[in-house]
Amino acid sequence: MSEEKSLNFLEEIIEKDLAEGKYQSITTRFPPEPNGYLHIGHAKSICLNFGLTQKFGGKTNLRFDDTNPVTEETEYVDSIKEDIQWLGFNWANELYASDYFDTLYEFAVTLINKNLAYVDDSTSEEIAQQKGTPTTPGIRNKFSERTVEENLKLFIEMREGKYADGEKVLRAKIDMSSPNMHMRDPIIYRIKHAAHHRTGNKWCIYPMYDFAHGQSDSIENITHSICTLEFIPHRELYNWLIQQLEIFPSKQYEFARLNMTYTVMSKRKLLQLVNEKHVIAWDDPRMPTISGMRRRGYGATALRDFCDKIGVAKRENLIDIGLLEFCVREELNKTALRRMVVFNPLKITITNFGKEVEWVSIEDNPEDENTTHRKVPFSKEIYIEQEDFLENPPKKFFRLFPGGKVRLKGAYIIECNEVVKDINGNIIELKCSYIPESKSGNDTSGIHVKGTLHWVSVAHAVHAEVKLYDRLFHVENVAEAEGDFKEHINPNSLQVLDKVYAEPALLDTNSNNRYQFLRKGYFCLDKDSSSEKLVFNRTVTLKDTWAKEVKK
RNA sequence: UGGCCUAUAGUAUAAUGGUAGUACGACAGAUUUUGGUUCUGUUCGUCUUGGUUCGAAUCCAGGUAGGCCAACCA
């Protein structure tokens, strides 16, 4: 019963902290900047932060890191909240770094009073130049010698709007020769005369990340502040500021961000794909965004399962997107309703079938012991898939060929008697006979066939549109590939079949349902679907060992 | 080339000084009214050189390789 699962390095740290009584309970936070939609990489962080407090007890805050008014919008705030909830997590508190602007301002004043911060009038170029390089120390300019009183006065004037953007900044006074570039008197406040999505025009100075994030963590009593590897150099500054301010000592820990094959995972690049219309929107089913995956039909369970499987460590990684697809299939196999849909029809006339229609009962999901069934109309004229018939079959071909027999799923075994062609020699119809004793469920014919095909009655077929998606990029490691990432976009990532033929049961559909189109893949109803026009997205294909066999 | 981080099958992740294991993939077979699912088996690994130790993936030292850091972004 007790399946012992080993702990990742963060779980070990927490277990130790708790065992030693360092904390009674832990608090984590998920801190997105509301400047874009969440992607699967964020899902990893969400599952980590919320998962940790679920496992060890404690709470997780949702905190928007909204310290840069020019990139942030309420639209993004809303989408982020929706995505986290959809993933199945509930935050303890919904918080905003902008709620702390007054406190942060006081923190800055404290630093000035301790002569640990100064107002600098240099241009950004001058500041960059004076900073030195990793191998040469930086130099301090004359502004660093300003008195506490002068700094206080200037900082107040900055807040009052007396200066234009870029005219002055507030810098922490630390160490211009530190081997860590972030310690070389980092800028902690800058002037931006811009409206903020929450505070409006109340402020014209805004704290930088380094003067907001750790302080917000501290204000919220975050015990374990978990971020990605590229923030490692910030940790020294994070700790320095907390120490000088004498506030709650949150601790920062870093893990490796998620990279996946055949996709990009940076907000900047995803924004570009949207803005330059390579995809239709942030929730385009080809996007690695949570909303895109949701629209494509990926389940929240599958995403959480994926995040669990990939683990957490500090080593750079490139996860095979096939693992995500495995998780998606695993969930859908158990839950998706089976339906029959023919994409490229080939008409079959069953010459010896006398009845107008016979309704056969087929299970909705054979994986479910308590499966329901639906009725499917069987008649004299049906469609099968063109690729399921070959006039000259290769060996090991289990499907239909002249003189061959197959079962029609849930119905009868048929035999192909005649191939009808047009004047150009194209196959346009097959004449078959059915075996009346072979009815599914009470087969007394004694005939065994290797192949079972999906099919749709011509007279009862429902029309629909289907969108087939493929990976957005055709190189495995997009970030490493030569040239601009957009050169590697797969031009055939979307294929639209505007008319496919479906069994009528697909009509009574509700958008929560997930389907497996038999032998075709998993599909879901798209949000653009209407009663006039059904539109389905292919979530993921089925594994296809026959296609692999043919390739050989 | 200053500092920091990392290195285990194809990919990811365990083994916390004592039998290198798991998942995905690949390959082979069984089952199957989906060439799906399920089941079974096979394949493949500790970056390198030294050292400590009865014993090293693990500890130490040197090398090598990859990544990060010089935004008024986060």
Side-chain angles (χ1 to χ4, degrees), chain A residues 5-8 12 31-33 35 65-68 70-72 120 122-124 127-129 131-138 165-171 178-182 184 187-192 205-206 208-210 212-213 227-236 254 256 261 267-268 308-320 322-327 329-330 333-334 338 340 362-363 366-367 396-399 406-411 413 438 440-441 443 448-454 516-522 541-550:
Chain A
K5 216 199 157 212
S6 54
L7 304 179
N8 65 46
E12 282 182 2
E33 182 188 12
N35 68 346
D65 226 341
D66 55 350
T67 57
N68 186 356
V70 301
T71 56
E72 295 153 7
D120 193 330
S122 308
T123 63
S124 60
I127 290 176
Q129 220 231 328
K131 216 159 200 180
T133 69
T135 49
T136 58
D165 289 12
E167 213 176 318
K168 285 181 167 49
V169 291
L170 183 70
R171 300 176 71 178
S178 169
N180 183 347
M181 298 297 288
H182 294 273
R184 321 247 270 222
I187 294 168
I188 57 176
Y189 258 96
R190 77 296 212 185
I191 300 169
K192 271 181 197 281
I205 57 171
Y206 293 91
M208 296 287 289
Y209 166 85
D210 285 306
H213 201 100
C227 61
T228 48
L229 255 25
E230 63 271 27
F231 289 96
I232 289 177
H234 295 255
R235 191 174 60 219
E236 191 180 356
E254 309 88 8
T261 56
K267 271 190 200 169
R268 199 193 99 246
D308 191 49
K309 280 189 160 69
I310 58 177
V312 179
K314 298 186 77 157
R315 150 165 66 143
E316 299 288 333
N317 58 74
L318 182 64
I319 308 273
D320 187 346
L323 181 61
L324 212 207
E325 294 176 343
F326 167 82
C327 296
R329 287 192 188 102
E330 193 174 48
N333 179 47
K334 295 186 198 115
R338 312 296 137 120
M340 296 197 288
I362 306 181
E363 72 272 4
E367 296 300 308
K396 291 204 263 182
F397 183 78
F398 300 161
R399 283 112 97 144
V406 292
R407 173 172 293 282
L408 296 174
K409 172 70 184 176
I413 292 173
S438 67
S440 187
D443 186 347
H448 289 282
V449 293
K450 276 200 173 146
T452 300
L453 307 184
H454 64 282
Q516 184 196 104
F517 292 176
L518 233 59
R519 307 207 298 137
K520 287 303 209 184
Y522 293 99
T541 58
L542 256 25
K543 258 172 69 176
D544 191 346
T545 49
W546 171 242
K548 218 188 279 180
E549 185 71 29
V550 170

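Letters A, B, ... mirror the listed sequences (proteins, then strands); counts begin at 1.
A:Arg519 contributes no side-chain N or O that forms a donor-acceptor pair with the base of B:rU34 under 3.5 Å. With hydrogens and angles ignored, no donor-acceptor pair closer than 3.5 Å exists between the side chain of A:Glu325 and the base of B:rG25. Side-chain atoms of A:Arg329 stay outside donor-acceptor range of the base of B:rU37, with no qualifying N/O pair under 3.5 Å. Below the 3.5 angstrom threshold, one finds a donor paired with an acceptor across the side chain of A:Arg399 and the base of B:rG35. For a distance-only test at 3.5 Å, the side chain of A:Thr452 fails to qualify as a donor-acceptor partner of the base of B:rU34. On a pure distance criterion of 3.5 Å, no polar donor-acceptor pair joins the side chain of A:His182 and the base of B:rA71.
Here, B:rG2 and B:rA20 have their P atoms 40 Å apart, quoted to the whole Å. The same atom, P, is picked in B:rA57 and in B:rG50; the two are 15 Å apart, to the nearest Å. If you take atom P in B:rU42 and the same atom in B:rU48, they sit 27 Å apart, rounded to whole Å. Separation of the P atoms belonging to B:rC24 and B:rC60 is 35 Å when rounded to the nearest angstrom. Comparing B:rG45 with B:rA23, their C1' atoms sit 15 Å apart, to the nearest whole Å.
Enclosure of atom CD in A:Gln129 is not indicated, since only 12 or fewer non-hydrogen atoms of other residues, nucleotides or ligands lie within 6.0 angstrom.
In this structure, A:Phe397 reaches the bases: a heavy-atom distance under 4.0 Å links it to at least one base atom across the strands shown. Counting non-hydrogen atoms under 4.0 angstrom, A:Lys520 reaches nothing in the nucleic acid. Contacts of A:Gln516 with the nucleic acid, taken as non-hydrogen atoms under 4.0 Å apart, include base atoms.
The closest side-chain donor-acceptor pair between A:Glu254 and A:Thr228, if any, does not fall under 3.5 angstrom. At a cut-off of 3.5 Å, with distance as the only test, no side-chain donor of A:Ser178 or A:Asn180 sits close to an acceptor on the other residue.
Not counting sequence neighbours, A:Tyr522 has no partner by the ring pair (Phe, Tyr, Trp, His ring centres under 6.0 Å) test.
Residue A:Lys131 has no polar side-chain atom (N or O) positioned under 4.0 Å from OP1 or OP2 of B:rA71. Between A:Thr123 and B:rC72 there is no side-chain polar atom (N or O) within less than 4.0 angstrom of OP1 or OP2.
In this structure, CZ of A:Arg184 is placed 15 Å from P of B:rC69, rounded to the nearest angstrom. Following rounding to the nearest Å, A:Lys396 (NZ) and B:rG35 (C1') show an atom-to-atom distance of 11 Å.
B:rA74 has no base stacking with the ring of A:Tyr209 when judged by centroids under 5.5 angstrom apart and an interplanar angle below 30°.
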| Intra- and inter-strand pairs of RNA chain B in dot-bracket (Watson-Crick or G-U wobble, both distances under 3.5 Å; | for another strand) | .((((((..((((....[..)))).(((((.......)))))....(((((..]....))))))))))).....

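With the nearest nucleotide of RNA chain B identified for both A:Leu453 and A:Phe326, A:Phe326 has the one nearer the 5' end.
In this structure, A:His454 has its ring center at least 6.0 angstrom away from the ring center of A:Phe517.
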Can you give me the N/O atom pairs linking the protein to nucleotides 11-14 of chain B at distances under 3.5 Å, or say none if there are none?
| from | atom 1 | to | atom 2 | distance (Å) |
| --- | --- | --- | --- | --- |
| B:rU11 | O3' | A:Leu318 | O | 3.2 |
| B:rU11 | O2' | A:Leu318 | O | 3.1 |
| B:rA12 | OP1 | A:Leu318 | N | 3.0 |
| B:rA12 | O2' | A:Ile310 | O | 2.8 |
| B:rU13 | OP2 | A:Arg315 | NE | 3.1 |
| B:rU13 | OP2 | A:Arg315 | NH2 | 3.1 |
| B:rA14 | O2' | A:Ser6 | OG | 3.0 |

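Using a 4.0 Å cut-off between a side-chain N of Lys or Arg and a carboxylate O of Asp or Glu, A:Glu363 and A:Lys409 qualify as a salt bridge.
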